[in-house]
Amino acid sequence: METKWWHNAVVYQIYPRSFADANGDGTGDLAGIIGKLDYLQTLGINVIWLSPVFRSPMDDNGYDISDYCDIAPEFGTLAEMEMLIAEAARRDIRILMDLVVNHTSDEHPWFIEARKSRDNPYRDYYIWRAPRTDGSAPDEQRSNFGGSAWEFDATTGEYYFHLFSKRQPDLNWANPQVQQEVHRMMNWWLDKGIGGFRMDVIDLIGKDVDRGITSNGPRLHPLLQEMNAATFGARDVLTVGETWSATPEIAKLYSEPARRELSMVFQFEHITLTWDPQDGKWTPRAFDLREFKGVIGKWQKVLADIGWNSLFWNNHDLPRAVSKYGDPGRYRIESAKMLATALHFLKGTPYIYQGEEIGMTNVRFESVEDYQDAESLGLYRERIAAGVSHEAMMEGIYANSRGNARTPMHWDASEHAGFSHGKPWMKINPNYREINVAAALDDPGSIFHHYRTLIRLRKEYPVIVYGDYRPLLDAHPQVFAYERQLGDQRIVVINNFSGQLVELELPADLRDLAGESLVSNYGPRNVLGQHLTLQPYESFAIALDTQTT
Ligand code: TEU
Ligand code: CA
């Protein structure tokens, strides 16, 4: 396998609205991020995925763009964006921009033109269809944010298609002009020295609406190969596609280097395990470790030699990892460290979501409005109207609302958690006095320093980057264990996913092996005896001595 710089990279995702506010208006901004680059350098990450900072009416917090080549005033200026790219580069950190081109904002000049008349030159930049004879929407397709995916436009008497909010009209990627416009914009940003792109719902751009096909449409992969050839293909950058519909086989199509599409994709099979098959995330389902191990094992195996995995527990659309898969209470620190170790020794590129490195948790706000999320609000209204009780819906919100990930970052225990000197755009999670960066930096045993160690180890041990993955104890209901091997280098990783003591019989071929304890959340372990007693959420990785194996 041809090595790539991003094979041993660790990516840190920033949600700009909630990261750091430099001018005290309560909204995070680029100057705030620049002010925290030393903190990120200390953590050791070398790539920042920056959620959208482009001009936008913020109907979906920036995932509705009205100008791809300008910065939203509340986030800053183009000069500040260029400063961020330069200041990050000075610290060997590359910036990934968020490419949101499945749709634009309805305030984008393209759409403003397109809805003026049916023969406007921009009309075909979007997807328009005539109403049915009774004037109703062309078909029953739904928006991800609730309601129909079709919105009637009285001016021209036709419906336009939108898979997200009605203020996010979908672009018509069957139109070559749309492709050229986007390629031109991508090269404009690449010329500014960015490190690549995170691509929003990229599996949707090949849609064939008339056949009800949205993801994995017939034109998808040819569109990505054309995009690769016209933009980033010749540049040594990282591209990661958000593909909710990807299977391991499809992920190989995206990330097999010879196909010249993307570096990797975000797959969500391990995430939707805790969603109700019918109801989705609004009816949470208990986490089953064996199911999880099955999914992770499959992705590690199928992409072992072809393509590349991304590794993540959470992002700006998902609940906080420690609340979802760990224990946000008594064992918050132990379980957060366990989740980090369990993920960072896998094969692929790890992604850390802001606040994960200090163990930030979900939040229980009084009202759904407090979650400040178009999706949560849209689905709350739709499901209450459909007869779901407020209590049941709020359980879904507490568990899976995107708002849980978007509360402002906790920098210290001062007012507004040191995020801003002004009133934050969104309520702060009240546990900030206990959970914050200042406390974590001062405590050598903190979750923060645990992440630093994991990031350092990935740079020091090629076996973590390229080693073969071998699942262990697959049937064990509480323990996620696996081995990585590269030549005579072997690392064994053992994680207790439960808050109970676990008496563990090790597989015969691992008994009585000794090695170097690389990381642990209780005392170091450098011998694998016959039998192990694991503490609640205990987790450790050991590099086996080559002569003993
Ligand atoms: O998300 C795609 C998406 O489908 C998720 O929002 C999904 O709906 C959800 O969280 C799981 O139920 C991307 C962006 O990450 C998200 O923030 C945007 O809202 C969305 O696309 C539209 O751009
Ligand atoms: Ca601000």
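Position 1 is the first residue of the sequence, and the numbers go up from there. Note that the structure is a prediction, hence the values are computed from the model and not measured. As the structure lists them, so they are numbered: ligands from 1, and atoms in each ligand from 1.
- Not a single N or O atom of Asn144, backbone or side chain, sits closer than 3.5 Å to an N or O atom of ligand 1.
- The His103 neighbourhood of ligand 1 comprises atoms 22 (C), 23 (O), with distances under 4.0 Å to a heavy atom of that residue.
- Counting the atoms of ligand 1 from 1 in the order shown, those under 4.0 Å from a heavy atom of Lys281 are 9 (C), 10 (O), 11 (C), 12 (O).
- No donor-acceptor pair under 3.5 Å is formed between the side chain of Thr283 and the backbone N or O of Asp279.
- Closest to atom 18 (C) of ligand 1, if we only count protein heavy atoms, is Asp60 OD2, 3.3 Å.
- Comparing Asp317, Ile65, Leu379, Asn315 by heavy-atom distance to atom 15 (O) of ligand 1, the nearest is Asp317.
- The shortest side-chain heavy-atom distance between Ile48 and Leu37 falls under the 4.5 Å cut-off.
- Minimum interatomic distance between Leu346 and Phe480 (heavy atoms only, all atoms of both residues): CD2-CZ, 4.2 Å.
- The closest side-chain heavy-atom distance from Ser323 to Asn404 is not below 4.5 Å.
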Q | Check against ring pair (Phe, Tyr, Trp, His ring centres under 6.0 Å), Phe111 and Trp128 | A | CA-CA 11 Å; Phe111 191 70; Trp128 300 90; 5.7 Å; yes

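- At distances below 3.5 Å, at least one donor-acceptor pair connects side-chain atoms of Glu357 with backbone N or O atoms of Gly355.
- With Asp64 as reference, Ser56 is the one residue of Ser165, Ser56, Ser105 to meet the side chain to side chain donor-acceptor pair (under 3.5 Å) rule.
- Taking atom 14 (C) of ligand 1 as the reference point, the nearest protein heavy-atom neighbour is Asp200 OD1, 3.0 Å.
- Protein atoms that are N, O or S and lie under 3.0 Å from the Ca ion (ligand 2) are these: Asp21 OD1, Asn23 OD1, Asp25 OD1, Thr27 O, Asp29 OD2.
- Counting only heavy atoms of the protein, atom 3 (C) of ligand 1 lies nearest to Trp244 NE1, 3.7 Å.
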(Q) Show, in sequence, the C-alpha distance, side-chain angles and deciding distance for His390 and Tyr380, and conclude whether the side chain to side chain donor-acceptor pair (under 3.5 Å) test is met. (A) CA-CA 8 Å; His390 168 76; Tyr380 176 90; 2.6 Å; yes

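- Taking 4.5 Å as the limit, some side-chain heavy atom of His410 sits within range of a side-chain heavy atom of Asn431.
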Q. Are Leu379 and Glu375 close enough, and set up right, to give a side chain to side chain contact (heavy atoms under 4.5 Å, CB included), and what steps lead you there?
A. CA-CA 6 Å; Leu379 273 298; Glu375 181 190 59; 4.0 Å; yes

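- Taking a cut-off of under 4.0 Å to the non-hydrogen atoms of Val201, the atoms of ligand 1 that pass are 2 (C), 21 (O).
- For ligand 1, the atoms sitting less than 4.0 Å from at least one non-hydrogen atom of Trp275 are 11 (C), 12 (O), numbered in the order shown with element in parentheses.
- Those atoms of ligand 1 that come under 4.0 Å of a heavy atom in Arg406, given as number and element, are 17 (O).
- Here the closest non-hydrogen pair linking Leu303 and Pro248 is CD2-O, 4.0 Å.
- Closest to atom 7 (C) of ligand 1, if we only count protein heavy atoms, is Glu375 OE2, 3.6 Å.
- Here the options are Tyr353, Trp49, Tyr254, Trp308, the test is ring pair (Phe, Tyr, Trp, His ring centres under 6.0 Å), and the partner is Phe266; only Trp49 passes.
- Close to ligand 1: Phe145, with a non-hydrogen atom less than 4.0 angstrom away.
- Within ligand 1, the atoms closer than 4.0 Å to a non-hydrogen atom of His316 are 14 (C), 15 (O), 16 (C), 17 (O), numbered from 1 in the order shown.
- If you look at Tyr125 and Trp173, their ring centroids are not closer than 6.0 Å.
- Here Met199 has no heavy atoms under 4.0 Å from ligand 1, in either its backbone or its side chain.
- Taking every heavy atom of Arg402 and a limit of under 4.0 angstrom, the matching atoms of ligand 1 come to 6 (O), 10 (O), 16 (C), 17 (O), 18 (C), 19 (O).
- Those atoms of ligand 1 that come under 4.0 Å of a heavy atom in Phe164, given as number and element, are 3 (C), 4 (O), 20 (C), 22 (C).
- In summary, the aromatic rings of Phe312 and His270 are positioned with their centroids under 6.0 Å apart.
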